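Below is one structure, written out as structure tokens; the observations come after it.
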Amino acid sequence: MRFSRYFLYTLKENPKEAETVSHRLMLRACMIKKLASGIYSYLPLGYRVIKKIENIIREELDKEGCIELLMPAVQPAELWQESGRWDYYGKELLRFKDRKNGDFCLGPTHEEVITDIVRKELRSYKQLPLNLYQIQSKFRDEIRPRYGLMRGREFIMKDAYSFDVDDASCDKSYWQMYDAYTRIFKRCGLKFRAVEADSGAIGGNYTHEFHVLAETGEDTVLSCNSCSYTANIEKAECLKPEKIDEQVELKPVEKVETPGKKSVEEVAEFLGVKPSDLVKTMIFKLENGDAIAVLVRGDYEVNEVKVKNHLGVAILELADEETIEKVTGGPSGFSGPIGLNIPIYADYSVLNMSNFVIGANEKDMHYINVNLGRDFEVKEFADLRLAVEGETCPRCKKGKYEQFKGIEVGQVFKLGTKYSKAMNCTFLDENGKERYAVMGCYGIGVGRTAAAAIEQNHDENGIIWPVNIAPFQVILLNLEVKDKEFTEKVDKMYKELTDKGFEVLYDDREMRPGFKFKDADLIGIPVQVIVGKKAMAEGVVEIKVRRTGERIKVKPEKMADKLKEILEKLREEEENR
RNA sequence: CGGGGAGUGGCGCAGCCUGGUAGCGCACUUGUCUUGGGAACAAGGGGUCGGAGGUUCGAAUCCUCUCUCCCCGACCA
């Protein structure tokens, strides 16, 4: 591709709308163009990257026997009503009417459509297992789109759906996809982790998220430095402590004044104790209006997801001031378990505490030297707090948690029979008995993967594409475009490289060298071939490796072989990080 | 939805407070000169000042309404 004939116009200045690195660089490199909030066009350079990622996905899924199809973006309400999600799904589902006043929506996901397709054809267990996928634009009317392709409203997603005869077979499909995903992100040259995630209150099935590790990630991931346990912070388990029967002298409980001291830090400082000597009492409100209390050691945080899952409820929110006063009799910031008439759940971190500090359910008052059993009773102990970096891994009990920031680029999810039951997707098994298909669903955000790749691979000069997803492999810089004889030689190099199968962007623009260098660095093509007068006089061309900055001089006739060697080496390194 | 900020040429911004008919840098066109890390000079082209209404002799500027976009938070199969 000749740069002078390509649709690529870089920006020297940072567009104001962009905050994150990937968003900024994608705009500056002319990869995407915003049409409306969270809705982007993929310009030629950006679309090349998208297609690279899509093709890696296709190749790896096809290897697992997955079959590609394409479903509509517009879906009728009936299907969603049938699965029960027309009412359940919130405003994220963009709904509209057609000319005949029928209800429709833009598909945010395709469980309903795929289940409808499959149920119409599925009759026998002999047709299973089945895994169908598509790469298609989804639409979710996000509350707040942001960060360019990272969280758009319209976005390209690969979604796959598996159908199996039973649970065991579904597990097999699940792990096949897990393996395929691992290969896909490896091939994309990304540093990533597969993490155990929370599957929500719907069903007791399991799920893994694939996170690209990057400072700017929105999610927090904890990973054991000894075993393979890795989990989203919402899910990461905490080691259950043993009950220790220490011979601690239980001091008499005492009510003390703590004027204006509400937060754990303030109270601890005022009383001259450590935050870990306090017990925090959080009041939550359930959907039906009932309140519960959750206790956690002062230096820890309650994990709402764990509380929800423990109670088996879908909705849980921190109680408002009014509820707190009604339930505890005191203002927020001074809540404590003594005298509470609501269920009290305590995190394991409280189990072995003694002579601790709690709120007195009265303004400006706390109790000190409080003890479990003697002063109040707990309904139940459970793992209810957020795990923190450095604590002992609950699985191997040897390693410690390390913390990472991640960008979720993919998820594998075992659905079970939720949709096949709701939509009557059945088959006859080998005994002639009718059964529901056991399903799984598997997503990869294609645009988000591209954005995550940039978040992970850039420097102050621009993008550094991993070879396998780079829009071009080589950028050929002609520094003497006006010299006809010279240019003829470079034209030949361009032709040679193209003929030999390299994807080459040929910078044949009449611009000063500095400009071309800056552009080449910005758009992040992995290898630059720089052809200038001085080097040419020596009978060599210069190769610059974008990632390392390494410069190599080679004779033109050796150029192609050298490029191949460099690209292979890069690919090798990138795939095994 | 709550809080904050912004809409002026393709991009980044000034002008607004104190009304007088729009300006700067980058990009673009032409020419001269230059050519290994976003050159210089000269001459050009391009703007319903987000939209509607109002005040005024006169509105980018003042008033009212409205739309859009960005940031923080709540939310997120």
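Computed over heavy atoms, backbone and side chain alike; hydrogens, waters and symmetry mates excluded. So you know, we letter chains A, B, ... as the sequences are listed, proteins then strands, and number each from 1. As the structure is a prediction and not an experimental result, all values here were calculated from the model.
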For [X], answer base if it contacts any base atom (sugar-phosphate contacts may also be present), sugar-phosphate if it contacts only those atoms, and nothing otherwise; contact means non-hydrogen atoms under 4.0 Å.
{"X": "A/Glu92", "result": "sugar-phosphate"}
{"X": "A/Leu27", "result": "nothing"}
{"X": "A/Asp521", "result": "base"}
{"X": "A/Lys544", "result": "base"}
{"X": "A/Met157", "result": "base"}

Any idea which of [options] is nearest the [X] side chain?
{"X": "A/Phe517", "options": "B/rG38, B/rG25, B/rG37", "answer": "B/rG37"}
{"X": "A/Glu480", "options": "B/rG37, B/rG38, B/rU35", "answer": "B/rU35"}
{"X": "A/Tyr89", "options": "B/rG37, B/rA77, B/rU34", "answer": "B/rA77"}
{"X": "A/Arg140", "options": "B/rG36, B/rG38, B/rA77", "answer": "B/rA77"}
{"X": "A/Thr10", "options": "B/rC11, B/rC76, B/rG38", "answer": "B/rG38"}
{"X": "A/Arg512", "options": "B/rU35, B/rA77, B/rA27", "answer": "B/rU35"}
{"X": "A/Ile530", "options": "B/rG38, B/rG36, B/rA77", "answer": "B/rG36"}
{"X": "A/Pro15", "options": "B/rG12, B/rG36, B/rG38", "answer": "B/rG12"}

Roughly how far apart, to the nearest Å, are [N] and [M] at atom [atom1]?
{"N": "B/rA22", "M": "B/rG50", "atom1": "P", "result": "15 Å"}
{"N": "B/rU8", "M": "B/rG46", "atom1": "C1'", "result": "14 Å"}
{"N": "B/rC71", "M": "B/rG54", "atom1": "C1'", "result": "33 Å"}
{"N": "B/rC49", "M": "B/rU21", "atom1": "P", "result": "15 Å"}
{"N": "B/rG15", "M": "B/rC76", "atom1": "C1'", "result": "43 Å"}
{"N": "B/rC16", "M": "B/rC28", "atom1": "C1'", "result": "29 Å"}
{"N": "B/rG2", "M": "B/rC57", "atom1": "P", "result": "40 Å"}

If the sugar-phosphate is the primed atoms plus P, OP1 and OP2 and the base is the rest, what is the B/S/- string for nucleotides 68-74 of chain B, using protein heavy atoms under 4.0 Å?
-> -SSBBBB

Distance (rounded to the nearest 0.5 Å) between A/Asn478 CG and A/Arg2 CZ | 9.0 Å

Opposite nucleotide pairing with [N], Watson-Crick or G-U, both atom distances under 3.5 Å:
{"N": "B/rG45", "answer": "none"}
{"N": "B/rG25", "answer": "B/rC11"}
{"N": "B/rG73", "answer": "B/rC1"}

Using 4.0 Å as the upper bound for N to carboxylate O, is an ion pair formed by [Y] and [X]?
{"X": "A/Lys405", "Y": "A/Glu218", "answer": "no"}
{"X": "A/Glu301", "Y": "A/Arg385", "answer": "no"}
{"X": "A/Asp508", "Y": "A/Arg5", "answer": "no"}

Donor-acceptor pair, side chain of A/His458 and main chain of A/Ile454, under 3.5 angstrom | yes

Using heavy atoms to find the nearest nucleotide of RNA chain B for A/Asn14 and A/Lys533 separately, return the residue whose nucleotide is more 5′.
-> A/Asn14

With nearest nucleotides of RNA chain B determined for A/Lys33 and A/Arg509 from heavy-atom distances, which residue corresponds to the more 5′ nucleotide?
-> A/Lys33

Check the side chains of A/Asp179 and A/Tyr181 for a donor-acceptor pair under 3.5 angstrom, ignoring hydrogens and angles.
-> no

Which pairs of donor and acceptor atoms, one on a side chain in residues 20-27 of chain A, lie under 3.5 Å apart (sequence neighbours left out)?
residue	atom	partner	partner atom	Å
A/Ser22	OG	A/Glu455	OE2	2.8
A/His23	ND1	A/Gly148	N	3.4
A/His23	NE2	A/Tyr40	OH	3.2
A/Arg24	NH1	A/Glu19	O	3.1

In A/Trp465, A/Tyr6, A/Tyr494, the residue satisfying ring pair (Phe, Tyr, Trp, His ring centres under 6.0 Å) with A/Phe472 is A/Tyr6

B/rU35 base to A/Lys516 side chain: any donor-acceptor pair below 3.5 Å?
-> no

Starting at atom CZ of A/Arg24, determine the distance to atom C1' of B/rG12, rounded to an integer number of angstrom.
-> 14 Å

Report the C-alpha separation of A/Arg546 and A/Asn461 in whole Å, then their side-chain angles, then the decisive distance to 0.1 Å, and conclude whether the side chain to side chain donor-acceptor pair (under 3.5 Å) test is met.
-> CA-CA 10 Å; A/Arg546 176 67 180 88; A/Asn461 294 314; over 6 Å; no

